[in-house]
Amino acid sequence: MIALVDCNNFYVSCERVFAPRLEGLPVGVLSNNDGCVVARSRELKALGVAMGAPRHLLPPAIRRQAVLLSSNYALYGDMSRRVNAILAEFSPDVEVYSIDESFLSFAGFDASTLEVRGQRLRETVGRDTGLPVCVGLAPTRVLAKVANRAAKTIAAYEGVCRLGADDPATRALLQRLPVGALWGVARRTAERLALMGIETAWQLREADPKLIRRTFSVVLERIVWELRGHAAIVLEDMSEPRQRIMVSRSFGRLTGERHELEAAVRQHAARAAEKLRRQRYLARAVMVMVRTNRFLAGEAQHNNNVVVPLARPSDDSRTLLAAARQALGALFREGYRYQKCGVMLLDLVDARHHQLTLYDARQSESAKGRSQRLMAAVDKLNREMGRDTVRFGLPRHHNAWALRCERRSPRYTTRWDELMTVRTG
DNA sequence: TCTGGGGTCCTAGGACCC
DNA sequence: TCTGGGGTCCTAGGACCC
């Protein structure tokens with residue numbers, strides 16, 4: 001048996017823990033640059049605000065009523081860690097799937113106790129973190145997702161729903177569930193399924209797996225098996241190292257200035273390098289991408305990326321920044337107003353298992369040692385003294401790429417200075 | 001004025017090899 | 001006139017997730 005534990009309206013719930021006045025109000029949390037609504041309270045959903053809706057396109061009446069907050073990822077990340085620490089007390093096997101969702105294995109537990117365990121888990125998380133969660137119990141991940149959705153939307157379940165593969169309740173739920181609402185089935189696939197007459201989750205479950213595989217892919221075939229109660233989806237351990245590392249941001253305002261793009265690329269490359277060293281990997285290539293704003297009709301568009309391979313795998317910020325700078329040099333064109341840029345580290349290898357080439361073997365030990373000590377010192381300072389204590393290149397004020405986040409709440413759980421602001425301010 | 005960011009997996013098709 | 005066939009590796013692009 002698998003349990004899917006999912007926090008309700010996670011970002012909004014985190015904000016409410018520290019600002020109880022938000023209870024009962026239509027609350028939304030915005031993406032970077034305060035661009036889109038990425039989390040909605042029940043009340044905001046009831047007003048008809050869609051997931052991902054651009055803030056500036058919301059009807060004025062809704063913008064007046066709603067409380068729209070900038071995102072505060074330091075806070076959400078910390079709350080997420082607290083929830084997972086509690087989940088670990090309920091199962092030896094917790095797969096953290098995303099910032100607000102985890103799968104727990106309940107294999108080997110007495111089946112008759114599962115719902116009670118689920119309720120106890122909910123109560124414990126609620127008491128210790130203030131966050132509301134729902135629990136879906138089922139033999140497979142796809143069905144656990146369906147169960148979790150039922151736990152959230154059907155009051156009679158009281159936040160915990162258990163579905164057997166062949167229960168009449170399961171059948172009834174699947175018959176009412178549009179196929180596009182299933183985990184792993186999105187618009188494109190749902191449209192193609194509809195052409196075959198498959199519109200509900202139940203119809204997909206009853207479809208011929210071989211036909212589904214031939215027509216679509218092995219991915220959708222697995223979903224058919226999962227709906228029937230045969231586990232077919234194995235999640236890779238989410239704590240495994242990433243295979244690529246990406247840092248990108250939209251600018252606070254459009255810019256055609258080369259030096260502004262260079263500054264942003266430098267910043268993103270440095271951040272990506274930190275992530276790379278944290279997972280103890282080396283990159284063999286650096287990609288930089290630039291974008292203009294595709295929503296501006298009549299504006300000249302330029303979207304492109306350039307990959308610069310490295311002579312040797314590296315995690316040295318100076319090397320990665322130089323490659324990123326070179327890539328931007330090949331990309332940048334005068335006369336465009338750019339909206340976004342990003343840096344991606346590709347072709348990652350484990351630093352500990354990396355095969356030494358002849359060149360590496362000859363490279364003096366002291367040079368490598370110096371690089372490692374320097375990067376370790378930079379990371380330590382930034383970790384302990386705060387981000388950007390040490391940085392590469394000079395910061396500029398009023399830069400185009402500074403994020404707008406005018407409505408961010410204090411980082412209550414990770415910043416003493418902001419906590420004090422709350423008390424005195 | 002203002003439209004997110006960071007990932008994964010799978011498949012098709014080309015290059016290349018014997 | 002007739003111009004193999006099968007395997008592997010790599011990459012780009014599509015689709016999906018939260």
Any A:Lys145 side-chain nitrogen or oxygen under 4.0 Å from OP1 or OP2 of C:dC17
no
What heavy-atom pair brings A:Ala283 and A:Leu310 nearest, and what distance separates the two atoms?
O-CD1, 3.4 Å
Testing the 3.5 Å rule here: is there a donor-acceptor pair between the side chains of A:Gln339 and A:Thr292?
no
Rounded to whole angstroms, how far apart are CZ on A:Arg222 and P on B:dC10?
5 Å
So that I know where these two stand, are A:Phe332 and A:Tyr338 an aromatic pair - ring centroids less than 6.0 Å apart?
yes
At 4.0 Å (heavy atoms only), tell me whether A:Arg291 reaches a base, stays on the sugar-phosphate, or touches nothing.
nothing
Using a heavy-atom cut-off of 4.0 Å across all strands, would you classify A:Ser71 as base, sugar-phosphate, or nothing?
nothing
Just to be sure I understand the rule, does A:Asp100 reach a base, reach only the sugar-phosphate, or reach nothing, if contact means heavy atoms closer than 4.0 Å?
sugar-phosphate
Select one nucleotide: of B:dG4, B:dG5, C:dC18, the one nearest the side-chain heavy atoms of A:Ser98.
C:dC18
Between B:dG4 and C:dC17, how far apart are the C1' atoms? Round to whole Å, please.
15 Å
Using purine N1 to pyrimidine N3 plus N6-O4 or O6-N4 for Watson-Crick, or N1-O2 and O6-N3 for G-U wobble, each under 3.5 Å, what pairs with C:dC10?
B:dG13
Whether A:Arg188 contacts C:dA15 is assessed here as follows: a side-chain N or O lying under 4.0 Å from the phosphate OP1 or OP2. Is that the case?
yes
Would you classify A:Ile99 as touching base, sugar-phosphate or nothing, given that sugar-phosphate means primed atoms plus P, OP1 and OP2, and contacts are heavy atoms under 4.0 Å?
nothing
Interatomic distance, A:Gln339 CD vs B:dT3 P [rounded to whole Å]
5 Å
Is A:Arg55 salt-bridged to A:Asp34, cutoff N-O under 4.0 Å?
no
Does a side-chain N-to-carboxylate-O contact under 4.0 Å join A:Arg120 and A:Glu115?
no
Taking only side-chain N and O atoms of A:Ser250, does any of them lie within less than 4.0 angstrom of OP1 or OP2 on B:dG5?
yes
Students often get this wrong, so: under 4.0 angstrom with heavy atoms, is A:Ile223 touching a base, only sugar-phosphate, or nothing?
nothing
d(CZ, A:Arg40; P, C:dC18) in whole Å
13 Å
For A:Ser217 and for A:Phe295, find the nucleotide of DNA chain B with the closest heavy atom, then tell me which residue's nucleotide is more 5'.
A:Phe295
Closest to side chain of A:Met246, choosing from B:dG7, B:dT11, C:dC16
B:dG7
Nearest whole Å is fine: how far is B:dT3 P from A:Leu30 CG?
12 Å
Could you state the CD-P distance from A:Gln267 to B:dG5, rounded to the nearest angstrom?
13 Å
Parallel under 30°, tilted from 30 to 60°, perpendicular over 60°: which one fits the rings of A:Tyr76 and A:Tyr73?
perpendicular
Length of the line joining A:Asn33:CG and B:dG6:P, which is rounded to integer Å
12 Å
Taking the side chain of A:Ser248 as its heavy atoms from C-beta onward, which of B:dG6, B:dG4, B:dG7 lies nearest to it?
B:dG6
Name the closest nucleotide to the A:Tyr97 side chain, picking from B:dC2, C:dC18, C:dA15.
C:dC18
May I have the distance from A:Arg244 (atom CZ) to C:dA12 (atom C1'), rounded to whole angstrom?
11 Å
Which nucleotide in B:dC10, B:dG4, B:dT3 has an atom nearest any side-chain atom of A:His56
B:dT3
If I take atom CE in residue A:Met51 and atom P in nucleotide C:dC18, what distance separates them, rounded to the nearest angstrom?
9 Å
Go through B:dG7, B:dT3, B:dG6 for me and flag the one nearest to the A:Arg242 side chain.
B:dG7
5'-most contact on DNA chain B (nearest-nucleotide basis), A:Asp34 vs A:Lys275, goes to A:Asp34
